[in-house]
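Data block below; observations after.
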2 protein chains.
Amino acid sequence: MTAAATKYSRQRECIKEYLRSTREHPTADTIYMKVREVYPNISLGTVYRNLALLTEQGEIIKLSCGDGCDRFDGNTAPHYHFICRQCGRVIDLDMEPIEHINTIANAHFNGRVDGNITYFYGLCRECVPD
Amino acid sequence: MTAAATKYSRQRECIKEYLRSTREHPTADTIYMKVREVYPNISLGTVYRNLALLTEQGEIIKLSCGDGCDRFDGNTAPHYHFICRQCGRVIDLDMEPIEHINTIANAHFNGRVDGNITYFYGLCRECVPD
DNA sequence: ATAGTTGTAGTAACCATTACTATTATTGAT
DNA sequence: ATCAATAATAGTAATGGTTACTACAACTAT
């Protein structure tokens, strides 16, 4: 038996293209709505399966913000995320990754640290009172 | 109408005591199992309601590690968490909080950053190959 | 004691996600 | 281009963590 090859699929390509084109960090359901404009009878299961596959392949990133449902990001370059406590919006932060905290963590841990995820919290521009 | 006062409850106290006594970051279900040893017919709903209440009051911390279910931490002092990619264990990291990254984030963001959550990933001592 | 209010146990409902299955699309060889 | 092999899909059912609901019990102040 050989390893299962991944075949091309229009639906998967459409999902990927949409995630590449937006900076909105949509949920699976939002992606489903959007892709349905192109493939009206795509199944929600297909969306979930392809999101999992693309995440596994490193083509996209899954964000678990703790609001009950996962979000997805088509920008795989290392960057931080900000989550608004008021409106829940997820926004990219344009700042340099702080590399050395992995090193610090490793020095304080009996095991092997190879990465970290940081979410910043607060109020976004729309939600900050004047 | 006056604001609803919070009354004492043995079940809530037991949940809090258990979380104070462990460093295991248990899930709601694990907490349910444990508290049932003391109150055999406590309801799972009661556990969830009190975990939400204690979190809201700042008595405990809710951890959304992205593994499908939330975990809870009775240690409210600022500290980092490590999540093992292999066994999923959540372990406290004994290192100083890096305060200035909030300042850096604020300088790069059009809004107000007031905190951050960082999860470190890798392999724990048991899962690191020799 | 009693009325008023908060908390609980038990159960049903919810909702994001996953699993299942018959059918369709893609691929590589003829 | 046709064909067989196999991966992917659509549609639907099932799962599992969490929340909502309701009748009853416990606490508090008058």
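Sequence lines set the chain letters: A, B, ... in the order given, protein chains first and strands last, and positions in each chain run from 1. As a basis for the values below, the full set of heavy atoms in this structure was taken, side chains included, without hydrogen atoms, waters or symmetry mates. Note that this is a predicted model, so its numbers are computed, not measured.
- Per the geometry, CZ belonging to A:Arg71 stands 12 Å off P belonging to C:dA16, to the nearest Å.
- Both B:Tyr121 and B:Val90 belong to a common hydrophobic cluster when Ile, Leu, Val, Met, Phe, Trp and Tyr are linked at side-chain heavy-atom distances under 4.5 angstrom.
- In this structure, A:Asn50 reaches the sugar-phosphate backbone alone: every heavy-atom distance under 4.0 Å involves primed, P, OP1 or OP2 atoms, never a base.
- Residue contacts for B:Asp70: at a heavy-atom cut-off of 4.0 Å it reaches the sugar-phosphate backbone alone, with no base atom in range.
- Counting only distance, with no hydrogens or angles, the side chain of A:Tyr119 and the backbone of A:Ser64 share a donor-acceptor pair below 3.5 Å.
- Distance from the side chain of B:Asn41 is smallest for C:dG10 among the nucleotides D:dG17, D:dA10, C:dG10.
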Would you check, one step at a time, whether the test side-chain contact (heavy atoms from CB on, under 4.5 Å) holds for B:Ile98 with B:Tyr80?
CA-CA 10 Å; B:Ile98 303 173; B:Tyr80 290 110; 3.7 Å; yes
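- Residue A:Leu44 is classed as a base contact, given a heavy-atom separation below 4.0 Å to a base.
- Rounding to whole angstrom units, CD of residue A:Gln57 and C1' of D:dA8 are separated by 13 Å.
- Contact annotation: B:Gln11 side-chain N/O to D:dA26 OP1/OP2 distance is not under 4.0 Å.
- Distance B:Asp67 CG to C:dA16 P: 18 Å, rounded to the nearest Å.
- Across all their heavy atoms, B:Phe120 and A:Val113 have their closest contact at CD2-CG1, 3.8 Å.
- No salt bridge links B:Arg10 with B:Glu17; every basic N to acidic carboxylate O contact stays at or beyond 4.0 Å.
- Distance, B:Tyr39 OH to D:dA26 P: 13 Å, rounded to whole Å.
- In this entry the distance linking CG of B:Asp29 with C1' of D:dG17 reads 9 Å, nearest Å.
- A:Arg12 forms no cation-pi arrangement with A:Tyr8, by the criterion of a distance under 6.0 Å to the ring centre and an angle within 45° of the ring axis.
- Atom OH of B:Tyr32 is separated from atom C1' of C:dT11 by 12 Å (rounded to the nearest Å).
- Across A:Leu123 and A:Cys84, no two heavy atoms sit closer than the pair CA-SG, 3.9 Å.
- Atom CG in A:Leu54 sits 4.5 Å away from atom CD1 in A:Ile60 (nearest 0.5 Å).
- Summary for the helix from C:dA1-D:dT30 to C:dT30-D:dA1: the axes at its two ends, each from 5 pairs, differ by 30° when rounded to the nearest 10 degrees.
- Residue pairs meeting the salt bridge (charged side-chain N to carboxylate O under 4.0 Å, His left out) criterion with at least one partner in residues 106-120 of chain B, sequence neighbours excluded, are A:Arg85-B:Asp114.
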Protein heavy-atom contacts under 4.0 Å, written 5' to 3' over nucleotides 19-30 of chain C as B (base), S (sugar-phosphate only) or - (none), form the string ------SBS---
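- Applying the 4.0 Å criterion to OP1 and OP2 of D:dT19, one finds that B:Tyr48 has every side-chain N and O outside that range.
- The CG atom of B:Leu51 sits 14 Å away from the P atom of D:dG17 (whole-angstrom rounding).
- Here the P atom of nucleotide C:dT17 and the CD1 atom of A:Ile31 are 10 Å apart, to the nearest Å.
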